[in-house]
Chemist: 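Got a structure for you, questions after.
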Amino acid sequence: MESSSTAQSIHDSLTPVQLDAVNYIDGPLLILAGPGSGKTRVVTHRIANLILRGIPPRQILALTFTNKAADEMQTRLERLVPRQPVWMGTFHRFCARLLRQHASLVGLQENYSIYDTQDSTKALKQAVEVSEIALTHTSLDSIAQAISWAKNELISADTYKARHGSAIGNLVAQIYPHYQRRLLESNAVDFDDLLLHVATLLQENPELRQTLDTRFRYICVDEYQDTNSAQYAIVRALSVDYPNLMVTGDPDQSIYGWRGANLNNILEFEQDYPNVHVVRLEHNYRSTPNILRAADQLITHNLRRKEKSLFTDRDEGAPVRLLTYPSSRDEADAIAEHIATSVESGQRRLRDFAVFYRVNALSRSIENALRVHNLPYRVIAGLEFFQRKEIKDLLAYLHLLNNPNNDVALLRIINTPPRKIGKKTVEQLTIHARRYHLSMLEAARESGLIETLTKRSATAVAKFVSMYDRLALAIEDPLQDLIASLLDESNYRTWLEASESDEDANRLANTEELLTAAKEFDEQFDQEGRLEEFLEQTALVSDTDMLDEEIDRITLMTLHAAKGLEFPVVFLTAVEEGLLPHERSREDSEQLEEERRLMFVGMTRAEDELRISLAQYRDFRGQRNMTVPSSFLSQLPREEMEILEPVLFQDTAFHDDHEAADEWIETEFRNQSSESAAETLDLTTHPDAWEETPSTPQRYPAHLFKVGMIVDHPNYGSGTIVEVRGTAKKRTATVDFFGSAGQRKFRLAHCPLVPAGFDEI
DNA sequence: ATTCGCAAAGTTTTT
DNA sequence: CTTTGCGAAT
């Protein structure tokens, strides 16, 4: 076991290569870790080793990209050497902390707000308005992207120069400074700023840099292949006097280049830090040789990488399968059937299976098939909870309380719930604020002085301000209490309760969830500055962090979301030109390599079985198109794989030949008697066949819904009724959906729920 | 002030 | 087929 406390015994189970990494203490260390090579184990053992050798835990800093990774590391370290105050967390959280302490050095106050992407976009929109530039030929999005790119490259608003002749560049050069000013005036930062500000801080304050370098003498960076230039600069600045820097990563698993990750950081690590010790973890403990060889052969086609030879002790296992289906529906059905069969026979559990796809939109067809087979699943979709309107609303109240300059928050809630403060009124407030350089809240306080406002509007605004002031008195209360008063004072709760819609009933339920989260937080942190801490946490958290691994369900997710995970059986779907590689990546060879890495990551998630599939016809965005198999498929060791040949038109189907397609449908499908084929034909002939039955006013009788009943919902799919409450019009059912929808409440008198199997009304 | 409806566009997303 | 944002109607 790993609970003993001597250096000797805790490392007993490690291989010589792993021990080499664990025992290398001083100086730069690069761990090139292939998929499934026990990297996290090595990292945690090494940190434990540092501690056991007498290095104060406070001098150790471990940086990760996700909270999940940080938690995982923390838990494992806890098992090796309990209760050591090693700072572990994401880059962003680390920077947020540092920035709190040194906010004034970059023109912020310590209670600054962290804008999420949505908030940032709003701020950017305002900046565009102020700069009086008409965005005719570009979108707000591309401006945002350009600014984000610049920040990741450490280019500040002052130093940004448009590339000569770049139209967008010229716009950005004008807008970026306005945007940055808006943020500073609001005492706010965007995600990129967290890194940029800290990097700037370290660059411009040598004494501070030195202090921190000394404080964090031993630094570990996980997933180094995904660091961007800002992160690189931060790590670099903290490793000058004490270059005890350990980075781990795998160039072959770099899939966030589009977000500014710079593959050169890892590729050139050895040049950046002299006397680097390099350890290669090439022993894979996860996959069968079959899977590993296929993945390896694919990735060999990349040029920008470091040679690695992966090996495993496992038995050969099943061959990798390449399965071609006539249509995307057939593909989805086959997956569902395969899973159903092996679960029924007792060979596998639901949680052994994962289905991967390149884009989120592809999950729908899989979901449909799984639903038909009554197979429970979960869709990993990134942000959900904290992006819901009601949660964002309530958090906006808190944000404004914590940082009265947070204009985006004010604009969000000043009329939510409706307070008769409309667009015109807000416009006048904005003008007033800009003229006198006030925050929106300050402007609102002066509503009585604004002549252009009607008396009615001014009163409404004044009422809002006094509500704010009343809430501000409770700012030191436990969060649970604060949010509770917030729900009352703002009329948010009354507003939702008064509503008749199911949607609002659900919102009310989500509100409760936030209260629960706040309660848990209160129990955890019983100190000053609770609110600020809470807001920081919620801003830097994603739903994926709360993933419950215990539940027995099939997992559906994008290839990006799959990184770091493993499953006994993996379905890699829609491996078609245009999707994988994605069409937007096809031109550029660097991007094409990233797509190949994405496929590599997907393949190497599989432990026992890997099933790669594609369809000859794919229904996507309401259209049916003939597909072309992915060019990556020809880069796999086909001779040793099991290949299910396309059912029809092996040759023509590989070209984008519409005439052939029509002919195929005309002649071949008509002669087929198979059910799925018949249905597919129907679809092409009558596109309307997909559409829902037109809704009729008639509903399934409310009193017939019972707890335990399986029901269908047009949007959320199937689920089980877990609770029925209330009477007459207020009779409400709580449904636990099999899919990603989770639990939702419905007023039975007017919701589209029907018992499963109850066809049409 | 709010709601409704239509047009437009639709990788990936650790924070 | 979806989702989302903005403009017109109540």
Side-chain angles (χ1 to χ4, degrees), chain A residues 63-71 89-96 114-118 120-122 125 139-141 145 148 151-152 189-195 222-223 225-228 230-231 253-261 356-365 368 380-383 386-387 415-426 456-457 460 536-545 547 557-565 574 578-586 591 594-595 597-599 601-602 619-624 683 687-688 690-692 715:
Chain A
L63 296 170
T64 63
F65 276 80
T66 63
N67 293 300
K68 211 174 132 206
D71 290 347
T90 63
F91 265 102
H92 291 263
R93 197 176 286 267
F94 174 68
C95 290
I114 301 171
Y115 279 180
D116 68 10
T117 325
Q118 248 179 72
S120 308
T121 309
K122 285 183 189 168
K125 211 181 240 171
S139 64
L140 205 63
D141 249 12
Q145 229 181 336
S148 174
K151 287 185 173 181
N152 286 161
V189 302
D190 60 24
F191 285 138
D192 300 317
D193 277 343
L194 286 171
L195 305 174
D222 197 20
E223 309 277 16
Q225 77 280 352
D226 287 332
T227 48
N228 60 34
Q231 287 159 332
Q253 293 185 66
S254 161
I255 54 176
Y256 286 103
W258 51 274
R259 261 183 111 244
F356 300 156
Y357 34 80
R358 177 64 233 267
V359 299
N360 278 312
L362 286 169
S363 76
R364 193 171 304 277
S365 58
N368 285 335
I380 312 296
L383 299 158
F386 290 103
Q387 218 146 267
N415 200 32
T416 313
R419 299 187 174 87
K420 308 243 179 271
I421 301 173
K423 216 170 69 185
K424 271 274 171 317
T425 310
V426 172
R456 219 181 69 170
S457 303
E536 181 178 309
Q537 195 171 346
T538 51
L540 299 180
V541 135
S542 83
D543 289 352
T544 333
D545 300 329
L547 241 177
M557 64 180 117
T558 63
L559 285 163
H560 283 91
K563 191 159 94 167
L565 305 176
L579 280 169
L580 186 67
H582 194 271
E583 55 187 335
R584 296 213 191 171
S585 311
R586 246 185 312 188
Q591 286 186 54
E594 181 152 314
E595 295 287 307
R597 291 195 290 267
L598 200 48
M599 174 138 174
V601 166
D619 299 311
F620 190 54
R621 289 186 190 158
Q623 285 197 334
R624 153 160 299 211
L683 270 179
D688 289 348
W690 267 139
E691 293 199 357
E692 308 252 337
N715 300 330

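Each chain gets a letter, A, B and so on, in the order its sequence line appears, and its residues count up from 1. Since the model is a prediction, treat every value here as computed from it, not as a measurement.
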Chemist: Can you check the A/Ile114 CD1 to B/dT14 P distance for me, whole Å?
Modeler: 16 Å

Chemist: Between A/Arg358 (side chain) and A/Leu580 (backbone), is there a donor-acceptor pair under 3.5 Å?
Modeler: no

Chemist: For the side chain to side chain contact (heavy atoms under 4.5 Å, CB included) test, which of A/Leu195, A/Asp190, A/Val189 pairs with A/Asp192?
Modeler: A/Asp190

Chemist: Categorize A/Lys424 for me: base, sugar-phosphate, or nothing, with a 4.0 angstrom heavy-atom threshold over every strand shown.
Modeler: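 The answer is nothing, as A/Lys424 stays clear of every strand by at least 4.0 Å.
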
Chemist: Below the 4.0 Å mark, does B/dT12 have OP1 or OP2 next to a side-chain nitrogen or oxygen of A/Ser585?
Modeler: no

Chemist: Report yes if a side-chain nitrogen or oxygen of A/Arg621 is closer than 4.0 Å to either non-bridging phosphate oxygen (OP1 or OP2) of B/dT11; otherwise report no.
Modeler: yes

Chemist: Taking atom C1' of B/dT14 as reference, at what distance in whole Å does atom CG of A/Asp192 sit?
Modeler: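 Interatomic distance, CG of A/Asp192 to C1' of B/dT14: 13 Å.
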
Chemist: Reckon A/Lys125 has a side-chain N or O less than 4.0 Å from the OP1 or OP2 of C/dC6?
Modeler: yes

Chemist: Could you tell me whether the side chain of A/Tyr357 and the main chain of A/Met557 form a donor-acceptor pair under 3.5 Å?
Modeler: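 At least one qualifying donor-acceptor pair exists.
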
Chemist: Do A/Arg259 side-chain and B/dT12 base share a donor-acceptor contact under 3.5 Å?
Modeler: no

Chemist: Give a yes/no on whether any side-chain N or O of A/Asn67 is located under 4.0 angstrom from OP1 or OP2 of B/dT14.
Modeler: no

Chemist: In whole angstroms, how far is the P atom of B/dT12 from the CG atom of A/Leu362?
Modeler: 9 Å

Chemist: Take the protein atom CG of A/Leu140 and the nucleotide atom P of C/dC6, then report the distance between them rounded to whole Å.
Modeler: 9 Å

Chemist: A/Pro418 side chain: which of B/dT15, C/dT2, B/dT2 is closest?
Modeler: B/dT2

Chemist: Answer yes or no for this row: A/Phe620 ring on C/dC1 base, centroids under 5.5 Å, planes under 30°.
Modeler: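 Here A/Phe620 fails the 5.5 Å or the 30° condition.
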
Chemist: Distance check: side-chain N/O of A/Arg584 vs OP1/OP2 of B/dT11, anything under 4.0 Å?
Modeler: yes

Chemist: Can you tell me the distance, in whole Å, between the CG atom of A/Leu559 and the P atom of B/dT14?
Modeler: 14 Å

Chemist: A/Phe91 near the nucleic acid: base, sugar-phosphate alone, or nothing, with a heavy-atom cut-off under 4.0 Å?
Modeler: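 Counting heavy atoms under 4.0 Å across all strands, no contact is made by A/Phe91.
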
Chemist: Ignoring the backbone of A/Leu540, work out which of B/dT13, B/dT15, B/dT11 is nearest its side chain.
Modeler: B/dT15

Chemist: Between atom CG in A/Asn368 and atom C1' in C/dT2, what is the gap in whole Å?
Modeler: 13 Å

Chemist: Rounded to the nearest Å, what distance is computed from the CD atom of residue A/Gln623 to the C1' atom of nucleotide B/dA9?
Modeler: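 One finds 13 Å between C1' of B/dA9 and CD of A/Gln623, rounded.
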
Chemist: When you measure from the side chain of A/Asn67 to the backbone N and O of A/Arg93, does any donor-acceptor pair fall under 3.5 Å?
Modeler: no

Chemist: Would you classify A/Glu536 as touching base, sugar-phosphate or nothing, given that sugar-phosphate means primed atoms plus P, OP1 and OP2, and contacts are heavy atoms under 4.0 Å?
Modeler: nothing

Chemist: Does OP1 or OP2 of B/dT13 have a side-chain N or O of A/Asn360 closer than 4.0 Å?
Modeler: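 Answer is yes, contact under 4.0 Å.
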
Chemist: Identify, between A/Arg456 and A/Lys563, the residue whose nearest nucleotide on DNA chain B lies closer to the 5' end.
Modeler: A/Arg456

Chemist: Within a reach of under 6.0 Å around CD of A/Gln118, are more than 12 heavy atoms found that belong to other residues, nucleotides or ligands?
Modeler: yes

Chemist: NZ of A/Lys122 versus C1' of C/dG5: gap in Å, rounded?
Modeler: 12 Å

Chemist: Can B/dT12 be described as syn, meaning its chi torsion is within 90° of 0, or is it anti?
Modeler: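 B/dT12: anti.
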
Chemist: With the criterion set at under 5.5 Å between ring centres and under 30 degrees between planes, would B/dT11 be stacked on A/His582?
Modeler: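 The base of B/dT11 is stacked with A/His582 (centres under 5.5 Å, planes under 30°).
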
Chemist: Taking only the side-chain heavy atoms of A/Arg358 (C-beta and beyond), determine which of B/dT11, C/dT2, B/dT13 contains the nearest atom.
Modeler: B/dT11

Chemist: In whole Å, what separates the C1' atom of B/dT11 from that of C/dC6?
Modeler: 25 Å

Chemist: Using heavy-atom distances to pick each residue's nearest nucleotide on DNA chain B, tell me which of A/Thr425 and A/Phe65 is more 5'.
Modeler: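 Its nearest nucleotide being more 5', the pick is A/Thr425.
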
Chemist: If I take atom CD1 from residue A/Ile255 and atom CG from residue A/Leu559, how far apart are they, to the nearest 0.5 angstrom?
Modeler: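 Taking CD1 in A/Ile255 and CG in A/Leu559, the distance rounds to 8.0 Å.
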
